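Just below is one structure, and these are the notes that go with it.
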Amino acid sequence: MQNLIELWSSLTPRRRIVTVLATLLMFAAVYGLAQVATRPSMALLYAGIDGQRAGEVLAALDQQGAKYEVRGQAIYVTSDQRDRLRMDLATQGLPSNSGEGYELLDGLSGFGTTSQMFDAAYWRAKEGELARTIASLPGMRGVRVHISNTEPAGLQAAPEPKASVTLAGAATAMSPDQARALRFLVSAAVAGMKPEDVAVIDGRGRLVRPDTPGPAEAGDDRAQALRANVLRLLEARVGAGHAQVELSVDTVTDSEQITERQIDPQGRVAISSQTDEKTSSSQDQGGAGVTVASNLPSGAAGGGGKSAQKNDSQSSERLNYDVSETRREVVKAPGAVRRLTVAVLVDGVTTADANGQTKWAPRPDDELGALRELVAAAVGFDEKRGDVLTIKTLAFEPIGGTGSGPASSLIPPFALDVMTIIQLGVLSIVALVLGLFVVRPVLAGRATTAQPAPRALSGPGALVAVEAPLTGVIEDADAPPRDLPQPARRPAAPAVAADDPVARLRRLMAERQDESVEILKGWMGDVTEEVD
């Protein structure tokens, strides 16, 4: 403690201020290092939830006394408590779903509830259930579902139901396949709704069009499936990793509709027959001339005229024929295989000789022929269509492993992220710079304190005792003077206490007698002049 007091008293006021500030900065840096090193690692609990649900989660964490941090729209907790907190919050129904579902109907009572109120609550519950189902899918957050009103108005018939799905907080852009799935999900839950009546809007406010996969995508999928089948078939023979298959499917991308009508003139067929018969008969008798006797009642009319009779018969038959006709309508959709190209590379056979050295040899032609027939049957090879199938046997180059396997260690890994490591590095550099370039120079280069007041020795005519020479010629007790010749070295005086100035003066006078005599002569001359 005495040394610290003497050190502090020997510093100038400016150096004292620098020392105090450097010490405070050192303590702050060490404290920061301790805080960063002892601070628990934080892990993501929930992210991307809206403000209301995030507030409910934070309130539950405060009740449990858990440590958490809010970084934007993300909530972080200590990594060792994350899983437990998730399960505890799940038991409380947190974070809550997008909206309420069928529990809305539980609050409706039979008294005071009209049919319109019940229908409105039912559709709200339907929208909430659909939103819950969609929000449970991966990457779906902030889901809202709206279903149009389907009740008839006046004499108008009930309109067809329509719906819209909005994803306000989707993590990634929605693909057309996901939009198609959502459309079928919503349309299947509402009676009478068609998938095309559902609109899907992503988090960027854009309408997602669920386009059907194109012919190119269908061809790629078919190529991948055929490649997997061929590779599985080859590896059963040559082994895993000893076969490579590349397959390309050229598909038709144009759609075509063909309507054909053929008439066969030789294919005449009677389809109906009609027969008509007509018979008529007539008779005519010739009359006598008109006389007086023919007019009398009792008179007999004289008849001597001629008679005629006519019979007529007519028959007709009508046959209806129809010519043979063939109508054919062909619709060719895109996606048909136009050409198939298959390339197969298999490894050879590796054998060991008597000396234990491995020797590679290509596979025989008969084996390659058998493999070719298997591959052709697996992919549906058609030479007339222009398909190409190539199979070769070549040596495979060994592929070296990349990286290294996991190594066991007695020291468990530290749960530090990149930002924590950067903070530790910066604080360590600050502490090192303060220690090397501020505190150490201040303590090592302290200024020489002012000399104490001279003390008079006892006795008459005594000289003034000083700790150091006043002429400024001698700077160090062990170094020779710069301006005076170096005197002969005297035996060193016996060791005395370092803190006694009188003893130090005696030791210096004993070592440098000539210089001491000159100094005393100078003092005595000054005193004599003052006395005169």
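This structure is a prediction, so every number in the text was calculated from the model and none was measured. Every heavy atom of this structure was used, including side-chain atoms; hydrogens, water molecules and symmetry mates were not.
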Answer yes or no: is there a side-chain heavy-atom contact under 4.5 Å between [X] and [Y]?
| X | Y | result |
| --- | --- | --- |
| Phe381 | Val375 | no |
| Leu185 | Ile134 | yes |
| Arg227 | Gln244 | yes |
| Val344 | Leu371 | no |
| Val346 | His242 | no |
| Leu89 | Tyr46 | yes |
| Leu226 | Val245 | no |
| Val379 | Leu389 | no |

Can you list the steps and then say if Arg222 with Val337 is a side-chain contact (heavy atoms from CB on, under 4.5 Å)?
-> CA-CA 10 Å; Arg222 184 180 303 176; Val337 178; 2.7 Å; yes

Atom of [X], atom of [Y] and distance for their closest heavy-atom approach:
| X | Y | result |
| --- | --- | --- |
| Met193 | Val198 | SD-CG2, 3.6 Å |
| Gln64 | Leu85 | OE1-CD2, 3.1 Å |
| Leu319 | Ser273 | CD2-OG, 3.0 Å |
| Arg183 | Asp197 | NH2-N, 4.2 Å |
| Arg363 | Leu368 | O-CD1, 4.1 Å |
| Leu44 | Tyr76 | N-CD2, 3.5 Å |

* Take atom CD of Glu277 as the centre, draw a 6.0 Å sphere, and report whether it contains more than 12 heavy atoms from other residues, nucleotides or ligands. => no

Surrounding CG of Asp365 (heavy atoms of other residues, nucleotides or ligands, distance under 6.0 Å), is the total greater than 12?
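At most 12 heavy atoms, drawn from other residues, nucleotides or ligands, come within 6.0 Å of this atom.
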
Is there a side-chain contact (heavy atoms from CB on, under 4.5 Å) between Leu340 and Leu247 once you walk through the steps? CA-CA 8 Å; Leu340 193 65; Leu247 193 144; 3.9 Å; yes

Would you compute the distance between atom [atom1] of [X] and atom [atom2] of [Y] and round it to the nearest 0.5 angstrom?
| X | Y | atom1 | atom2 | value |
| --- | --- | --- | --- | --- |
| Glu317 | Asp276 | CD | CG | 9.5 Å |
| Lys278 | Ser315 | NZ | OG | 11.5 Å |
| Ile75 | Met42 | CD1 | CE | 11.0 Å |
| Arg206 | Ile201 | CZ | CD1 | 12.0 Å |
| Lys67 | Gln81 | NZ | CD | 8.5 Å |
| Arg144 | Glu127 | CZ | CD | 8.5 Å |

Please check: side-chain N/O of [X] versus main-chain N/O of [Y], any donor-acceptor pairing under 3.5 Å?
| X | Y | value |
| --- | --- | --- |
| Arg339 | Asp250 | no |
| Ser148 | Lys162 | yes |
| Glu329 | Gln257 | no |

Item to check | Leu345/Leu394 under side-chain contact (heavy atoms from CB on, under 4.5 Å): CA gap, chis, key distance, verdict | outcome: CA-CA 7 Å; Leu345 178 64; Leu394 297 174; 3.7 Å; yes

Working for side-chain contact (heavy atoms from CB on, under 4.5 Å), residues Asn229 and Leu233:
CA-CA 6 Å; Asn229 296 336; Leu233 183 64; over 6 Å; no

Point to revise | Lys/Arg-Asp/Glu bridge criterion (N-O < 4.0 Å) met for Lys126, Glu129 | key: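 The answer is no: the pair does not qualify as a salt bridge.
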
Inset, instruction - Inspect the contact between Arg180 and Asp177 and indicate whether a charged nitrogen and a carboxylate oxygen are less than 4.0 angstrom apart. - result: yes

So the salt bridge (Lys or Arg N to Asp or Glu O under 4.0 Å) pairs with at least one residue in residues 374-386 (sequence neighbours excluded) are Arg385-Asp387

